[in-house]
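Atoms within each ligand, like the ligands themselves, are counted from 1 in listed order. For the numbers below, each heavy atom of this structure counts, side chains included, while hydrogens, waters and symmetry mates do not.
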Amino acid sequence: MTELDLVIKGRVLIGNEMQTICIGIEDGKITVLGKDLDGDKFLDYSKYLIMPGGIDIHTHMRDPGFTDKEDFHTGTMAAAFGGTTTIMDMPNTRPMVTNVSQLKDKLDIIGKKANVDYGLYASLTPDSDIKVLKELAVGFKLFMAETTSAVPISEEDIRNKLADPELEGQVVSVHAESPERFRDIEVTSLDTHDDSRPASAEIIAVENITQMKTSAIMHFAHLTDLMSFEKAFGYSNEITPHHMFLSTSSDLGARGRVNPPLRNIREQASLFTAFVKAQVGIIASDHAPHTMDEKKMPFGEAPSGLPGVETRLPMMLALVQSEQVSLRLVQATCCHNPARLFSLSKGQIDVGFDADLSIFDMTKNTKIKGERLHSKCGWTPFEDYNAIFPDHVFLRGRKIISDGKLIESGTGRNIV
Ligand code: DOR
Ligand code: ZN
């Protein structure tokens with residue numbers, strides 16, 4: 001038998017059981033798992049937890065157009081430091097990605113800056129040419145309501161577009177908020193922002209979409225209300241850490257302004273419970289950085305969105321360590337289910353999968369500090385929350401983070 005390129009030994013969840021095993025890697029793929037393996041290079045992390053690299057299917061890396069907030073280098077570096085090795089980027093950059101030339105330009109601009117693997121969404125608009133876009137885009141984003149730099153499309157147009165047979169098997173991620181349910185009130189606080197875009201707008205939007213005919217794989221992004229889950233039964237769904245951990249009672253002011261809005265503390269608690277009970281498919285960050293200067297503006301003028309790509313997985317691991325949730329659930333919602341939705345051979349420590357691995361010392365619980373994170377925006381809504389960050393991160397068998405430092409940049413590839 002030929003010698004393996006690399007063998008990494010550590011604690012891996014196999015089924016329901018933690019086992020210390022060797023992961024054999026060749027050409028960036030996991031080729032064998034075993035108790036004892038030899039390789040050209042052998043890395044012993046026997047005391048550490050090895051997880052599949054995280055997959056964050058909902059980020060806004062702001063490149064091109066808004067690189068004062070983030071760029072593809074800083075955003076994907078933040079992902080890597082948080083143990084996430086694949087991200088998918090939303091199309092509300094400038095210009096908005098609605099046609100193939102915009103998508104190609106964006107791929108050219110960001111390609112060399114990527115520190116983790118990536119896929120780009122295209123925006124679904126009345127004139128998007130799905131046949132050509134789907135060759136290059138990881139999926140489509142549907143904005144039903146106005147939100148930061150995004151142009152919504154009407155429900156009539158959505159119905160027509162979703163019926164296009166070219167969408168067969170394509171993932172359509174839906175920002176489900178129906179503007180008819182919005183209230184034209186003055187928005188001065190988290191509570192009034194919530195009142196202006198109430199959960200009922202989300203519920204009705206989900207209901208309307210589920211009644212439309214389509215051969216696409218419909219995915220509901222950032223759901224906030226349990227009733228939406230009932231309406232979306234049988235469809236792919238996602239929630240965010242901010243809707244799970246923060247509420248209108250949080251002391252964040254405009255930093256907590258986001259669409260869909262944070263809900264009241266009771267709804268937040270029920271969302272967390274739904275997650276614990278394994279009723280949630282995917283956890284995605286909806287990383288949407290804005291500068292602190294923008295967030296310091298009066299509430300009504302501050303842009304919506306908050307950062308989270310670096311903290312998503314580390315916060316989940318802190319929940320595992322405090323025994324609030326199982327590692328199995330975290331791996332399902334942050335790695336396997338996202339990979340399955342997009343049919344990627346990632347998100348799992350098994351033969352044939354990419355050797356994307358994040359390695360954690362589970363005794364190293366720390367407090368999140370905005371100033372230590374790597375997003376260009378320089379702040380976090382989760383200041384002082386518990387988290388466990390990875391010590392080492394591998395992307396297709398190449399070490400990109402070592403002892404908390406980025407040691408190789410620009411290694412990310414387009415997954416499409
Ligand atoms: O709050 C939000 N911010 N919601 C979105 O849908 C877009 C995002 C952004 O890009 O800032
Ligand atoms: Zn978003």
Would you say [X] has any N or O atom under 3.5 Å from an N or O of ligand 1, going by distance alone?
{"X": "G305", "answer": "yes"}
{"X": "H290", "answer": "yes"}
{"X": "N259", "answer": "yes"}
{"X": "D286", "answer": "no"}

| request: Just jot down the ligand 1 atoms closer than 4.0 angstrom to any heavy atom of A288, in number order. | output: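 Per the distance check, 3 (N), 8 (C), 9 (C), 11 (O).
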| Which of the atoms of ligand 1 are close to H175, meaning less than 4.0 Å from one of its heavy atoms? |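 Atoms satisfying the 4.0 Å criterion: 6 (O).
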| task | Return yes when M90 approaches ligand 1 closer than 4.0 angstrom through a heavy atom, no otherwise. | result | no
Distance-only criterion, 3.5 Å: show the donor-acceptor pairs between side-chain atoms of residues 339-346 and protein atoms not counting sequence neighbours.
| unit_1 | atom_1 | unit_2 | atom_2 | d |
| --- | --- | --- | --- | --- |
| K346 | NZ | D117 | OD2 | 2.8 |
| K346 | NZ | D354 | OD2 | 3.0 |
| K346 | NZ | D356 | OD2 | 2.7 |

| remark: Sequence neighbours excluded, the answer for side-chain contact (heavy atoms from CB on, under 4.5 Å) partners of K112 is none
State whether a side-chain donor-acceptor pair under 3.5 Å links [X] with [Y].
{"X": "R263", "Y": "T224", "value": "yes"}
{"X": "S189", "Y": "D191", "value": "no"}
{"X": "H73", "Y": "N115", "value": "yes"}
{"X": "E155", "Y": "N208", "value": "yes"}
{"X": "H222", "Y": "E238", "value": "no"}
{"X": "E310", "Y": "H287", "value": "no"}

| field | Where at least one partner belongs to residues 319-339, residue pairs that pass salt bridge (Lys or Arg N to Asp or Glu O under 4.0 Å), sequence neighbours excluded | value |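 Output for this query is empty, none listed.
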| ligand 1 versus R62, non-hydrogen atoms closer than 4.0 Å: side chain, backbone, both, neither? |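 For R62, only side-chain atoms sit under 4.0 Å from ligand 1.
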| remark: The answer for which part of L306 has a heavy atom under 4.0 Å from ligand 1 is neither
| query | Is there a ring pair (Phe, Tyr, Trp, His ring centres under 6.0 Å) between Y121 and F140 once you walk through the steps? | reply | CA-CA 5 Å; Y121 288 94; F140 292 86; 8.8 Å; no
| Which option, P307, S304, P261, owns the non-hydrogen atom nearest atom 2 (C) of ligand 1? | S304
| query | Under 2.8 Å from the Zn ion (ligand 2), which protein atoms of type N, O or S occur, listed by chain and number? | reply | H58 NE2, H60 NE2, D286 OD1
